[in-house]
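Note sheet for the following structure.
If you're wondering where the values come from, they're calculated on a predicted model, not measured in any experiment. Throughout, residue positions are numbered sequentially from 1 according to the sequence presented.
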Amino acid sequence: MIQIFDSTDKYPLQKIGKMAGVCWNSPIDDIEKNIKRAKECIKSGHGRVLEYVDIELCISEYSARAIREYYTHIGGGPTRLQESTRYVNCETFKYFVPPTVKASPDSQAAYEECINFIKSKYAELIEKGVSKEDAANVLPLGMYTKIVDKRNLRNMIALMNQRLCSRAYSEIRTMANEIKSSLASYSDEWKWICENLFVPKCDVSGFCTESKCCGRRPKKEL
C-alpha cells in the first residue's frame with residue numbers, strides 16, 4: 001500500500017521550471033513557460049534540477065526483504081523511518097507469500113508452517129520475559145513492515161529505471177509500479193513524469209545491460 005503525503009510537491013514540473021528559470025535569469029511567473037522549461041531540462045539530461053522536487057510517502061504491506069532492497073537506492077540524500085520492532089508487538093505479523101510458493105499447495109503449507117512456528121516461538125519468548133527488541137531477532141524477512149520515505153525526483157527516477165526492469169525482484173517491482181501509479185494520480189504533472197520518466201532502464205538506453213535478457217530490448221554488443 002502506498003500513501004502519498006501532501007508534503008510531496010504537487011506541481012513538480014512548475015517547480016523544476018522555476019528553479020531553472022532563476023539560473024537562466026528568466027521570468028518565473030508564467031506557469032506554462034515554467035513547465036516547458038522543465039521538460040527541456042529533462043529532455044536535455046539536466047538532472048540536478050530534479051533534486052528540488054521532494055517525494056514523501058508511506059510504504060506498507062511489503063516485506064522487510066523488499067524494503068531492504070528499496071533502501072539500496074541511497075543517492076540524492078533520501079531518508080526514511082521504519083516501523084519499530086523494538087516497541088511494536090509482532091506476535092500477529094502479516095507476511096509476504098511469493099508467487100512460486102502460492103503455485104503449489106504443498107509449498108504454501110510448508111511456508112505457512114514455518115511462519116506459524118516463528119510466530120509461536122516469538123510469543124513464547126515474550127511470555128518468558130524477553131524484550132520485544134531481542135525477540136525480534138527471530139522474525140523473518142518476509143514479515144510485512146512499514147516505512148516513511150523521503151527522496152527527490154532524480155533519485156526516484158533512478159530507482160524506477162532499475163526496479164521496473166523485468167529482472168528486478170518481483171515484490172519490489174510490484175512496489176515500484178504501485179508508487180508509479182499513486183504518483184500518476186497525484187496530479188497531471190506527475191502523470192507526465194510517470195509516463196515518460198518512470199520506465200525500465202532499457203527504455204532509457206535503448207538496449208539491455210542484463211546478463212540474462214528478457215528480450216524486451218536487444219542486448220548491446222561489446
Side-chain angles (χ1 to χ4, degrees), residues 1-60 62 66 69-70 72-80 147-168 170-210 214 216-218:
M1 181 181 297
I2 305 297
Q3 179 185 359
I4 307 297
F5 292 133
D6 58 12
S7 48
T8 297
D9 286 311
K10 189 81 171 182
Y11 304 107
L13 295 176
Q14 293 181 46
K15 188 171 188 180
I16 291 169
K18 285 181 180 179
M19 299 302 109
V22 172
C23 295
W24 295 358
N25 197 26
S26 300
I28 57 173
D29 55 355
D30 187 301
I31 291 176
E32 293 306 317
K33 287 184 178 179
N34 285 335
I35 292 174
K36 181 180 178 182
R37 189 182 300 119
K39 291 181 178 180
E40 288 173 353
C41 285
I42 291 168
K43 292 174 182 177
S44 299
H46 298 163
R48 180 62 61 84
V49 74
L50 304 180
E51 296 174 10
Y52 286 90
V53 176
D54 288 325
I55 302 165
E56 297 186 12
L57 47 81
C58 178
I59 302 173
S60 61
Y62 284 95
E69 290 200 20
Y70 188 83
T72 63
H73 295 273
I74 57 176
T79 187
R80 77 281 297 179
I147 67 167
V148 176
D149 182 71
K150 178 180 179 179
R151 63 187 61 237
N152 65 55
L153 176 57
R154 188 179 196 180
N155 181 261
M156 185 63 85
I157 291 170
L159 185 153
M160 289 292 172
N161 294 162
Q162 186 70 23
R163 299 302 179 171
L164 291 175
C165 171
S166 63
R167 294 288 300 156
S170 60
E171 190 187 8
I172 197 170
R173 190 165 71 247
T174 298
M175 182 198 303
N177 273 300
E178 188 177 0
I179 294 171
K180 176 179 178 177
S181 176
S182 298
L183 283 170
S185 300
Y186 193 55
S187 72
D188 287 342
E189 291 186 24
W190 274 110
K191 182 179 180 181
W192 185 91
I193 287 172
C194 291
E195 290 177 350
N196 290 277
L197 304 180
F198 289 1
V199 296
K201 58 187 177 181
C202 63
D203 281 2
V204 178
S205 64
F207 57 84
C208 176
T209 58
E210 293 289 322
C214 74
R216 189 169 183 272
R217 295 275 186 173

Counting only heavy atoms not in Lys18, do more than 12 fall under 6.0 Å of its NZ?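 Atom NZ in Lys18 is not crowded, with 12 or fewer foreign heavy atoms closer than 6.0 Å.
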
Does atom OH (Tyr62) have a neighbourhood of more than 12 heavy atoms from anything else shown, all under 6.0 Å?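 Count over threshold, so yes.
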
Between [atom1] of [X] and [atom2] of [Y], what distance do you get to the nearest 0.5 Å?
{"X": "Asp149", "Y": "Leu159", "atom1": "CG", "atom2": "CG", "result": "8.5 Å"}
{"X": "Lys39", "Y": "Leu13", "atom1": "NZ", "atom2": "CG", "result": "6.5 Å"}
{"X": "Asn177", "Y": "Met175", "atom1": "CG", "atom2": "CE", "result": "11.5 Å"}
{"X": "Arg154", "Y": "Ile42", "atom1": "CZ", "atom2": "CD1", "result": "12.0 Å"}
{"X": "Met19", "Y": "Cys41", "atom1": "CE", "atom2": "SG", "result": "11.5 Å"}
{"X": "Glu40", "Y": "Lys36", "atom1": "CD", "atom2": "NZ", "result": "5.5 Å"}

Taking the side chain as every heavy atom from C-beta outward, state whether [X] and [Y] have any pair of such atoms under 4.5 Å apart.
{"X": "Leu57", "Y": "Thr8", "answer": "no"}
{"X": "Glu56", "Y": "Val148", "answer": "no"}
{"X": "Ile2", "Y": "Leu183", "answer": "no"}
{"X": "Leu153", "Y": "Ile16", "answer": "yes"}
{"X": "Ile55", "Y": "Trp190", "answer": "yes"}

Using residues 192-206 as the side-chain source, report each donor-acceptor pair under 3.5 Å to any protein atom, sequence neighbours left out, with the distance given to one decimal.
{"residue": "Asn196", "atom": "ND2", "partner": "Trp192", "partner atom": "O", "Å": "2.8"}
{"residue": "Lys201", "atom": "NZ", "partner": "Glu210", "partner atom": "OE2", "Å": "2.6"}
{"residue": "Asp203", "atom": "OD1", "partner": "Arg216", "partner atom": "NH1", "Å": "2.5"}
{"residue": "Asp203", "atom": "OD1", "partner": "Arg217", "partner atom": "NE", "Å": "3.3"}
{"residue": "Asp203", "atom": "OD1", "partner": "Arg217", "partner atom": "NH2", "Å": "3.2"}
{"residue": "Asp203", "atom": "OD2", "partner": "Arg216", "partner atom": "NH1", "Å": "3.3"}
{"residue": "Asp203", "atom": "OD2", "partner": "Arg216", "partner atom": "NH2", "Å": "3.1"}
{"residue": "Ser205", "atom": "OG", "partner": "Lys201", "partner atom": "O", "Å": "3.4"}
{"residue": "Ser205", "atom": "OG", "partner": "Phe207", "partner atom": "N", "Å": "3.3"}
{"residue": "Ser205", "atom": "OG", "partner": "Phe207", "partner atom": "O", "Å": "2.8"}

Are the charged groups of Arg48 and Glu51 less than 4.0 angstrom apart, N to O?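 Here Arg48 pairs with Glu51 in a salt bridge, since their nearest N and O are under 4.0 Å apart.
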
What are the two closest non-hydrogen atoms of Met160 and Ala176, and how far apart are they?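 Smallest interatomic distance, heavy atoms only, reads CE-O, 3.2 Å.
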
Quick one: closest heavy-atom pair of His73 and Arg151, and the distance?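 Minimum heavy-atom contact is O-NH1, 2.9 Å.
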
Tyr11/Asn34 under side chain to side chain donor-acceptor pair (under 3.5 Å): CA gap, chis, key distance, verdict: CA-CA 11 Å; Tyr11 304 107; Asn34 285 335; over 6 Å; no

Within the side chain of Lys10, is there an N or O that forms a donor-acceptor pair under 3.5 Å with the backbone of Ser187?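 Judged by distance alone, no pair lies under 3.5 Å.
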
Between Thr72 and Arg163, does the side chain to side chain donor-acceptor pair (under 3.5 Å) criterion hold? Intermediate values first, please. CA-CA 11 Å; Thr72 63; Arg163 299 302 179 171; 3.3 Å; yes

